[in-house]
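Input: a single structure, listed below in structure tokens.
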Amino acid sequence: MAARVLRAGGAASGGGFLWRAAPCSLLPGLRKLASSNNRLREESWLKSLFVRKVDPRKDAHSNLLAKKETSSLYKLQFHNVKPECLEAYNKICQEVLPKIHEDKHYPCTLVGTWNTWYGEQDQAVHLWRYEGGYPALTEVMNKLKENQEFSRFRKERSNMLLSRKNQLLLEFSFWNEPVPRSGPNIYELRSYQLRPGTMIEWGNYWARAIRFRQDGNEAVGGFFSQIGELYMVHHLWAYKDLQTREDIRNAAWHKHGWEELVYYTGSQARGRIRAVATSL
């Protein structure tokens with residue numbers, strides 16, 4: 001008994017309806033054809049997952065984005081302090097950390113230390129710079145292990161903390177070098193989590209965007225993570241007060257091209273703002 005196919009509308013290329021099952025003698029051939037087609041589709045799908053065109057690059061992203069004239073490495077520390085211990089925490093930090101900063105024995109600089117006003121409460125933020133990169137960081141860590149005052153400081157500090165984390169950062173080549181400023185100021189730390197693979201594009205946009213934000217000398221520093229939470233970008237800004245911040249940011253929107261740069265960088269990241277106090 002032959003299978004019959006009824007075609008819709010009599011069109012030769014039209015779809016049809018299988019009216020009766022095909023005889024058993026035809027099934028092996030159909031199985032082979034279906035199996036072959038499925039295998040080709042599966043191979044094509046797998047290739048689409050693993051065979052991707054990658055733009056050729058001659059260097060690591062960190063080398064393309066970071067300052068060439070320096071080999072500085074930065075460490076950003078976030079300490080969440082027990083609310084009742086914040087005053088005591090600040091006191092012991094003021095006693096110990098400047099000593100390390102001023103001692104030429106340690107190849108590091110305390111760029112800034114702050115308390116958070118808005119954002120995460122009862123939080124301390126410290127930014128260190130290691131002149132000489134990873135070897136300088138290792139040297140400082142090894143020397144601090146032998147520093148008995150610092151060991152006592154860490155033990156006392158641990159009783160005051162709820163949690164802590166840090167990141168190792170490099171500095172964007174197009175940002176200002178963080179330098180001491182006359183105060184008092186408030187500092188705004190804007191942290192962005194980028195989508196993987198967009199760091200170069202983000203950097204290219206901000207290399208243009210930073211030109212719109214230099215009128216008030218508010219741009220302190222820009223950094224991107226190397227170790228710790230990855231694909232992170234941090235922008236540090238300084239303002240006389242919150243109203244000055246509002247005025248400067250509003251003024252940027254009147255400059256042609258700013259809105260385009262904000263649109264493209266904003267679509268690649270999600271951000272967090274911390275308003276932090278204490279002069280740099």
Side-chain angles (χ1 to χ4, degrees), residues 61 64-70 72 74 76-78 109-121 123-129 167 169-195 198-225 229 231-280:
H61 287 180
L64 295 172
L65 293 169
K67 277 182 166 57
K68 296 293 190 298
E69 62 273 18
T70 66
S72 293
Y74 290 81
L76 187 61
Q77 298 176 302
F78 299 99
T109 303
L110 182 59
V111 177
T113 181
W114 306 272
N115 288 145
T116 300
W117 278 5
Y118 302 103
E120 294 190 46
Q121 299 290 281
Q123 185 180 71
V125 181
H126 307 289
L127 180 63
W128 293 87
R129 177 171 56 227
Q167 293 177 354
L169 314 169
L170 294 179
E171 186 179 12
F172 280 118
S173 60
F174 48 83
W175 273 77
N176 303 335
E177 186 80 13
V179 295
R181 294 173 176 240
S182 58
N185 296 303
I186 63 165
Y187 290 84
E188 179 181 23
L189 181 64
R190 301 178 71 92
S191 302
Y192 299 92
Q193 178 79 59
L194 301 190
R195 288 190 292 109
T198 62
M199 183 69 75
I200 291 291
E201 188 176 2
W202 173 278
N204 287 338
Y205 278 119
W206 262 100
R208 296 160 55 196
I210 194 65
R211 295 176 296 170
F212 293 91
R213 298 296 308 277
Q214 296 286 14
D215 292 349
N217 193 32
E218 68 268 22
V220 177
F223 314 92
F224 59 98
S225 62
E229 194 172 1
Y231 310 112
M232 288 295 301
V233 170
H234 302 281
H235 293 172
L236 186 61
W237 309 87
Y239 304 99
K240 179 182 177 182
D241 50 41
L242 288 176
Q243 186 58 54
T244 302
R245 170 191 178 272
E246 183 75 1
D247 294 341
I248 289 176
R249 289 179 56 81
N250 286 340
W253 289 98
H254 297 286
K255 299 177 181 178
H256 178 68
W258 171 252
E259 70 283 353
E260 178 186 359
L261 296 170
V262 171
Y263 171 79
Y264 283 112
T265 55
S267 65
Q268 298 168 350
R270 54 187 177 88
R272 171 185 293 180
I273 299 174
R274 293 177 176 88
V276 293
T278 306
S279 295
L280 187 67

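This one's a predicted model, so the numbers in the text were calculated from it and none came from an experiment.
Side-chain contact check for Asp247 and Thr244: no donor-acceptor pair (N or O, by modelled atom type) lies under 3.5 Å. Residues His234 and Gln167 bring a donor and an acceptor atom of their side chains to less than 3.5 Å of each other.
Distance CG/Leu110 to CH2/Trp128: 4.5 Å, rounded to 0.5 Å. For the atom pair CG (Asn204) and CE (Met199), the distance works out to 12.0 Å, reported to the nearest 0.5 Å. Between the CH2 atom in Trp114 and the CD1 atom in Ile186 there is a gap of 13.0 Å [rounded to 0.5 Å]. The line from CZ of Arg129 to CG of Leu169 is 12.5 Å long, rounded to the nearest 0.5 Å. Between atom CG of residue Leu76 and atom CG of residue Leu189 there is a gap of 6.0 Å, rounded to the nearest 0.5 Å. The CD atom of Glu246 lies 10.0 Å from the OH atom of Tyr239; values are rounded to the nearest 0.5 Å.
Judged by distance alone, with hydrogens and angles left aside, the side-chain atoms of Thr198 form no donor-acceptor pair with the main-chain N or O of Trp202 at under 3.5 Å. Put simply, the side chain of Arg211 gets close to the backbone of Arg208: a donor and an acceptor are under 3.5 Å apart.
The two atoms that bring Gly221 and Pro178 nearest to each other are CA-CG, 4.5 Å, heavy atoms only. When all heavy atoms of His126 and Thr113 are compared, the pair lying nearest together is ND1-OG1, 2.6 Å.
Using a 4.0 Å cut-off between charged side-chain N and carboxylate O, Glu201 and Arg195 make no salt bridge.
Aromatic ring orientation, Phe224 versus Phe172: tilted (interplanar angle from 30° to 60°). Under the 30°/60° scheme for interplanar angles, the aromatic rings of Trp237 and Trp175 are found to stand perpendicular.
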Test side chain to side chain contact (heavy atoms under 4.5 Å, CB included) applied to Tyr187 and Arg181, step by step: CA-CA 11 Å; Tyr187 290 84; Arg181 294 173 176 240; 3.9 Å; yes

Step-by-step side chain to side chain donor-acceptor pair (under 3.5 Å) determination, Glu171 to Tyr74: CA-CA 8 Å; Glu171 186 179 12; Tyr74 290 81; 3.3 Å; yes

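At least one side-chain heavy atom of His235 sits less than 4.5 Å from a side-chain heavy atom of Tyr192.
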